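Taking it in order: structure first as structure tokens, then the write-up.
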Amino acid sequence: MAHSTTSAQTASPPLRRPTATLAEEWRPRRFASLRGVVRDRSALAGLAILVTVTLLALFASVIAPYDPTKLDPTANLAGPSADHWLGTDNLGRDLFSRLLYGARWTLGAAGLAAAGIVLLGVTVGIVAGYFGGLVDDLLMRLVDVLLAFPSIVLALAIVGMLGPSLPNVLIGMVAVWWVDYARVVRGLTLKVVQNDYVLSAHCCGCGSLRMITRHVLPNVIPPVIVLATLELGALMLAISGLSFLGLGAQPPTPEWGTMLSDGRLFFLGAPQLMMYPGIAITLVVLGCNLLGDGLRDALDPRQRRR
Amino acid sequence: MRRVSSEINRRTLLLATGAAGITVRFGRSATAQETPSGSARVGVGEDGYRVDERANVGFYPLNTNIFESLVYMTPDYQIEPRLAESWEFVEPGTWRIVLRQGVVFHDGTPFTAEAVKYTMDRIAANGGGVLGVGPDSTVIVDDFTVEITPTYVNMRMMEQIGHPNNSILPPGLNPAESRNGTGPFREVEYVAADHYSVEANADYWGDAPGVSGITFQFYPDPTARLLALQAGDADLIVDVPAQSADQVEAAGATLLRGPVGSYEAMYFQIKGEAPYDLGQDPAVREAVSIAIDRQQVIDSAWQGNAEPGTTMIPPAILGDSASLVAAPEFDPERARQLLEEAGWVEGEGGVREKDGRALALTIINGFATAADHGSVPELIQAQLGYIGIELEIIQTPDTATYEQRLTVGEGDLWLERGSQNDGNPAFLPELLFSTPEEGGDPEATAYGRAFAPGEAFDTEIARSREATDIAEVQEAAAQAMNIVINEERIVIPLCGFYRLVGHSEAVTSFDLHASGVNQLWTSLTMAE
Amino acid sequence: MFRFVLRRLAYLLPVWIGISLVAFMLANLAPGDPARLALQRELGRQPTAEETAVVREQMGLNDAAPIRYLNWLGDALTGDLGTSYRTGQPVLDSLADRFPTTLQIAGFGLLLAIAIAIPLGILAAVYRQGPIDHFSRVIALLGASMPSYWVAYLLILLLSVRLGWLPVAGSQTWQHAVMPALTLGIGGSASLMRLTRSEMLETLNQDYIRTARAKGLGSRPLMLGHALRNTMIPLSTVLGMRFAGMLGGAVIVETIFSWPGIGKLVVDAIFDRDYPMIQGFVIFMGTAFLLINLIVDLGYGVIDPRIRLARR
């Protein structure tokens, strides 16, 4: 998590300035270079991975041959076979089915968390940037307080307190990760608000809500989407990390992080219990990263000078 | 670096069990050698020592044999003289103990009654423990005789005093600062959270160690511990999780199975309020207790490294009286019948119901941690499902939450693991299932309030407490266990775990104790 | 300048108080009696009511919450963060002891990440749009996509068990630090590589460089050196982010590799409801980060006059 300060953000200098946040470099523009994304093969690959996994998750109940929680103690730790394409786990549950349903849980959880984070972060950022003054002060100080810790540890503490369950992990994630978005959106909002044409619109009697929806939001949403895509992968890893520690989805839920944690004790004898969910997570996170990278490249004005 | 075979063979469970049959050895290996061989590296779990006023560095939870107690608990749960040579009970409540002569601490200080008084007073200052000693309880009669009078009549004190927590310290010692004991090993170095190394004590009064030194390496992660054995970083590892046992052979090492020292059991709450009141029906309790296929649990969850639970506490501690506790039968047909007769008929989705209420129970998984129970809750869920009971699994993140829940009684079945570390057979039953007094601290009496069977049980426990002869204690404890297991069906024993240890070919012999903290490392020998 | 410092401090003070409140509340809002829990853990069985009462008194748990907060805060300001319920050691000692240990692998991990990222980034920039560019980008991203505990086990399997190059776990020698650092570094190298690449491209495209090349002047090394120097500034900010990320990632890595750092300490504290340790950790880390922030801010203030003269 970043610790760059608020003072560095408001200045927009010709001097070489750390470009760690998109806020400094983003100028309100349209999606003219979305074509750039299509031309970028890795980003396409990332998109393809995500789409495929999402489809698999959606149709898991149709594709999966078994109920992922159905025990079959006679077939523990079986290898791949015609009956069980990827074999079974230590309780005889079909690994392929568990992976498929796991996609639902892992992607769903990450998606929900991302939605919550974006909602909270964008709201706080716009309010702080638009209204400024004391509200801005207070909110940004709250942000600084939250930024003072490594995010995983704070989330860990929150979930540890609330009790281990997937909903609580989501709460913990949302409570901690919204800060980045708030800062970025605040910076963007400030830029928009300072624009002359916006000021004149305000003078002409546009109400706050209209101002926000018509002027601020369109400029704020695209970089937020890019940021969200980029962070979706990290979010998934964080959720699975908490599951690994025993705080996330509880057995017998076939969430990938939980499956990795369950498979730990069988690492030497039956490594496939860890391999499959590990590969699955890696693949999906890679997809997110590739796509996010591609989006950032395409929408980053500096890269367009090619 | 000595290495075990680095081949990782993927085996099915059947093959692994077959291989285990060939390489597993029970209890002791070859006879110990006379001359100490080299130094050993032992992989243990996490560093759990304390350094405050209750400091226990060197003896709990990892007992490095630097210190000793007055008595020693053998693998058969009998007590043997150690620093105490003999003892007798003097009415009304005093234990008169004669101490061993000619023993010195590692720094040369002679062992006398002073040390015993210092140790007991220290225990008293920290609450007295199960011994019940108070600040004035210990009286020095002469250099080698001491009298201990606990604050209440405690017939079981000698069995309890063998626990490593009661290790004898020289007068004035703070174990947090330095370690100076009478044991077969002396400390070389302690680096917190990293390792604890000891060397053989040349002046030890008893049997000399088989190795010249041991380095205990702390590995909190059990898989990392196993990998350390495989990579040759450790010669012997303790606390191999039951689920990983077959991987020890897969790694080319040897698996040693010790006697049963710990148990896993479910307790059924009998005094809950709705919706946790189904435990009040004896028919439901009986049905649940006979619907559990313990062998399946052992095979699936523990890879066969346990035996079906019968007495809950290790049978060995009950001696001949263990047979008084009947083994629970596995009879799902009769379970279904019992439920039918009690009015629970099959309803929606195979779940039984009566008067519009579904037969739904909740199991709380979290003592001491949820990870301790692996996949047992899911197996129980499936097995209860076969007789028409719907089971919800709730996992608590830590002991605090578990206990909190128990205090308010929000659950039907409570899944726990425990171990027996001192010689008093009735210790666990008394602690957990005695009827509590009215108005006691809610948390301290949570177990009693949820599970206490009542008067018959309490009578047996009282008998065990007052009996002088250990056989009678065993019999009373066994009767108590029979009441709570087979008559009242409050305790449903699941398994008794073998203590598992893995070692490379560098280790030539090692006697495994059922109780981890009472492990003697003197029997460990290494190849030349 | 002095007013700038004062303003920054005035801004940070409420933040620090906020952190201390978070620290205190987090630990105390959790259920369970820490006295009982501590005894349970220590004794391996349920404690008797008498034992619990003694320990409750010893821990000072019988006072009201606001009083406990103020007491704790007052002590904290003098450097006394209490004693851990779990180990009995003073909290500050444990934290101060184990923080550098985590810094070791985080720092080492950062070095490894740089060692991986910069060459890859340079190659990607110089041969941009080529196969090397795509390939190195995917490799770096792959590293950032793998769950750290998975990577950890795989590394142990490969480097310890199969090849025998490194010890499995522990913390005695520098070899023990390699795998934990590698696990952390692999994840961090992706964004560093990305940044290096884009900054290099930026510099390489600048007019004066192109002019120099057009004129036939300047060899590759000169260009690269210059480009690298320009990359350092933005790199340092991202390094800060990555470092913080590694401190977080160390939590899991430290457990697996028996690396006695602060991450494992706090995870254990959370699971054990070790209130003093949790509170101490939050205030400790919070203060550390705030101090770093302050120093960085002051640094910027020194370098760039507009910063310190700005309204905020």
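Worth saying up front: this structure is predicted, and the values here are computed from it rather than measured. Letters A, B, ... mirror the listed sequences (proteins, then strands); counts begin at 1.
At a threshold of 4.5 Å between non-hydrogen side-chain atoms, the residues F267(A) and L226(B) do not count as touching.
With a 6.0 Å radius and a threshold of 12 heavy atoms from other residues, nucleotides or ligands, W178(A) has its CH2 atom above the threshold. More than 12 non-hydrogen atoms from other residues, nucleotides or ligands lie less than 6.0 angstrom from CD of E329(B).
In this structure, chain A has no heavy atom under 4.5 Å from any part of N365(B). Heavy atoms closer than 4.5 Å to chain A are found in the side chain of Q296(B), but not in its backbone. In this structure, chain A has heavy atoms under 4.5 Å from both the backbone and the side chain of L379(B).
With values rounded to the nearest 0.5 angstrom, L77(A) atom CG is found 7.5 Å from D246(B) atom CG.
When the side-chain hydrogen bond (donor to acceptor under 3.5 Å, both in side chains) test is applied to S244(B), no partner is found at least two apart in sequence or on another chain.
The minimum heavy-atom distance between Q247(B) and L265(A), with the atom names listed, is NE2-O, 2.6 Å.
Within residues 81-92 of chain A, the residues approaching chain B closer than 4.5 Å by heavy atoms are, in numerical order, N90(A), L91(A).
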